[in-house]
**Q** 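Please see the structure below; I have some questions.
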Amino acid sequence: RQEIGGTDTDELEDHLRQRIADLTATGLEPDEAFLVAVKRMGSLDSLTREFAREHSDRLWKQLVLVGDDADPERGRAVDAMLAWVLVAVLALKLPAAFGVSMHDQDRFYLDNAILFGLVPLAGYLATTRRTSRRTIALVAGLFALGALGANVYPTDNEASVTLLTFLHLPIALWIAVGLLYTDGDLRAGPRWMDFIRFTGEWIIYMALLALGGGVLTGITVGVLEVAEIDPEVFVTQWLLPCGVVGAVVVAAWLVEAKKSVIENMAPVLGLVFTPLFVIALGGLVITLALNGQGIEVERDTLILFDLILVVVLGLIVYGVSARNPAEEPGLFDKLRVALVLVTIGVDLIVLAALAGRISDFGFSANRTAALGENLILLGNLAWSAWLLIGFLRGRSRFAQLEQWQTRYLWIYAGWSWSVVFVFPPLFGFHAAAVAF
């Protein structure tokens, strides 16, 4: 454990040898004395916790400080992070050298925003995780496909499929990043669950960096205004865009740097918010049932409900990722079942309203995408509920739920690529967005 330094292990070894000597003197064989001495010293986790309490200042220093005594692997990770941040910034500003500036060609940068952010991240992960060339070639092909979908299809800003591509391409390419993280492992299992944990931690760090970046931006604007310099060009074309693409890589580095030092935050937040969401969504379902009026399926309303479903699914997944599969069912397992069931109720209400909307006005790109996404989420939630109830009753293993969640990633990937490449020709490249 990285909390324990060389002098600490020397001290522990001295205690261990002294215990072995004392036990051997009582007549035990050396191997027996060793086993008893280790047992009496306590478990590794207990020792780690004691040292963490005694030297809590080390935990945070180890995240960023790279000195002469630091782990060489960590130093190389820092160098790789800085190099790929520089690559991200240079790649973002390179089109301006060919006359494609952010001020005049904002559509180009908007269409390719996800590529400017995720390509350097993919390069960083491929470098630090020593990904095989075959996997790198596969992911490079997927990113080239994403660039094709973002730039070649002749859509315009008013087309409904343009927004759908903008929303779904990040999902498809993020799962492509997962291939780099798992080194091309296509099987459901621990590697993909590690990537899910990485995703949750990365989102949290991006949020923290965004808060810090907001403060920095405000201070910068204030300083430039005091100096009577117009801050708009610097902030909108340099500080914010370069900061965002750089933060994508920095957040990934922070996740990898601290994962062996302190506890993951995403599962902890999942435990905190699970009972709160059970209460909130349960109240929503009861209220809608008593009113008997359903919901108005407007675009903003549907986006809100879809976000709720995604957040709930995240709570379930990160709760699964933090749980010891060998533990007996407990209170939080029952809360997860309740959360899944009330979420299924919310999804069914949305689907009923959506079906009525399609019956009245027919299929459009937006309605079809919304229908598909809610059906996909319903399928995940329904089978998750079945597995969780089976686990509570002793009919299934908890590991099956983990395998189900990681296997379902390919459903999300397939749907996202379909929306990017099938919806534009199916519903019209230039079809204007209609009222939902």
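Heavy atoms only: backbone and side chains are in, while hydrogens, waters and symmetry mates are out. What you see is a predicted model, and the numbers here were worked out from it, not measured in a lab.
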**Q** With rounding to the nearest 0.5 angstrom, report the CG to CG distance, Leu180 to Leu118.
**A** 10.5 Å
**Q** Give the intermediate values and the outcome of side chain to side chain contact (heavy atoms under 4.5 Å, CB included) for residues Val87 and Tyr124.
**A** CA-CA 10 Å; Val87 169; Tyr124 168 74; over 6 Å; no
**Q** Is the shortest heavy-atom distance from the side chain of Leu82 to the side chain of Trp253 under 4.5 Å?
**A** no
**Q** Assess Arg129 against Tyr181: is NZ or CZ under 6.0 Å from the centre of the six-membered ring, and within 45 degrees of the ring's axis?
**A** yes
**Q** Does Asp347 reach the main-chain N or O of Leu378 with its side chain, forming a donor-acceptor pair under 3.5 Å?
**A** yes
**Q** Would you name the heavy atoms of Leu121 and Val249 that are closest together and state the gap between them?
**A** N-CG2, 4.0 Å
**Q** How far apart are the closest heavy atoms of Val235 and Pro241, and which atoms are they?
**A** O-CD, 3.8 Å
**Q** Within the 4.5 Å heavy-atom criterion, are Leu371 and Phe363 side-chain neighbours or not?
**A** yes
**Q** To the closest 0.5 Å, what do you measure between OG1 (Thr368) and CG (Leu164)?
**A** 9.0 Å
**Q** Can you confirm if the aromatic rings of Trp202 and Trp174 lie within a centre distance of less than 6.0 Å?
**A** yes
**Q** If only atom types and distance count, is the side chain of Thr127 paired as donor or acceptor with the main-chain N or O of Gly123 below 3.5 Å?
**A** yes
**Q** Do Leu145 and Phe421 touch side chain to side chain, with heavy atoms closer than 4.5 Å?
**A** yes
**Q** Between CG of Leu388 and CG of Leu401, what distance do you get to the nearest 0.5 Å?
**A** 5.0 Å
**Q** What do you reckon, is CZ of Arg395 surrounded by more than 12 foreign heavy atoms closer than 6.0 Å?
**A** yes
**Q** Check Gly146 against Leu173 and note the closest heavy-atom contact, atom names and distance.
**A** CA-CD2, 4.4 Å
**Q** Any side-chain heavy atom of Val248 sitting closer than 4.5 Å to one from Phe116?
**A** no
**Q** Is the backbone of Gly362 close enough, under 3.5 Å, to the side chain of Arg367 for a donor and an acceptor to pair up by distance?
**A** yes
**Q** I need the Asp111 CG to Thr165 OG1 distance, nearest 0.5 Å.
**A** 9.0 Å
**Q** Backbone N or O of Val100 within a donor-acceptor pair of the Tyr109 side chain at under 3.5 Å?
**A** yes
**Q** Tell me the closest heavy-atom pair linking Leu341 and Ala385, and the distance in Å.
**A** CD2-CB, 4.2 Å
**Q** Run the side chain to side chain contact (heavy atoms under 4.5 Å, CB included) check on Val312 and Val340 step by step: do they pass?
**A** CA-CA 8 Å; Val312 169; Val340 173; 5.9 Å; no
**Q** Would the number of heavy atoms belonging to other residues, nucleotides or ligands and lying under 6.0 Å from CH2 of Trp386 be above 12?
**A** no
**Q** Give the minimum heavy-atom separation between Gln400 and Leu387, together with the two atoms involved.
**A** O-CD1, 3.8 Å
**Q** If you compare all heavy atoms of Gly379 against all heavy atoms of Trp404, which two are closest, and at what distance to 0.1 Å?
**A** O-CZ2, 3.8 Å
**Q** Is the closest side-chain heavy-atom distance between Val177 and Phe195 below 4.5 Å?
**A** yes
**Q** Could you check whether any side-chain N or O of Thr406 sits under 3.5 Å from a backbone N or O of Gln403, counting only pairs where one atom can act as donor and the other as acceptor?
**A** yes
**Q** Is the positively charged end of Arg407 above the ring of Trp192, judged by distance under 6.0 angstrom from the centroid and angle within 45° of the axis?
**A** no
**Q** Any side-chain to backbone donor/acceptor pair from Lys93 onto Gln237? Under 3.5 Å, distance only.
**A** yes
**Q** Check the pair Leu377 / Tyr412 against side chain to side chain contact (heavy atoms under 4.5 Å, CB included), numbers first and verdict last.
**A** CA-CA 9 Å; Leu377 291 173; Tyr412 300 139; 4.2 Å; yes
**Q** Report the C-alpha distance between Asp183 and Arg191 in whole Å, list the side-chain angles of each, state the deciding distance to 0.1 Å, and finish with yes or no for side chain to side chain contact (heavy atoms under 4.5 Å, CB included).
**A** CA-CA 9 Å; Asp183 197 12; Arg191 281 192 172 187; 3.9 Å; yes
**Q** What is the distance from atom CG of Asn380 to atom OG1 of Thr343, rounded to the nearest 0.5 Å?
**A** 11.0 Å
**Q** Taking the side chain as every heavy atom from C-beta outward, state whether Gln405 and Leu313 have any pair of such atoms under 4.5 Å apart.
**A** yes
**Q** How are the rings of Phe423 and Phe427 set relative to one another: parallel (under 30°), tilted (30 to 60°) or perpendicular (over 60°)?
**A** tilted
**Q** Just wondering, do Lys334 and Val337 contact through their side chains at under 4.5 Å, heavy atoms?
**A** no
**Q** Could you state the interatomic distance from CG (Leu92) to CG (Leu115), rounded to the nearest 0.5 Å?
**A** 12.0 Å
**Q** Using a 4.5 Å cut-off on heavy atoms from C-beta on, say whether the side chain of Val342 contacts that of Phe277.
**A** no
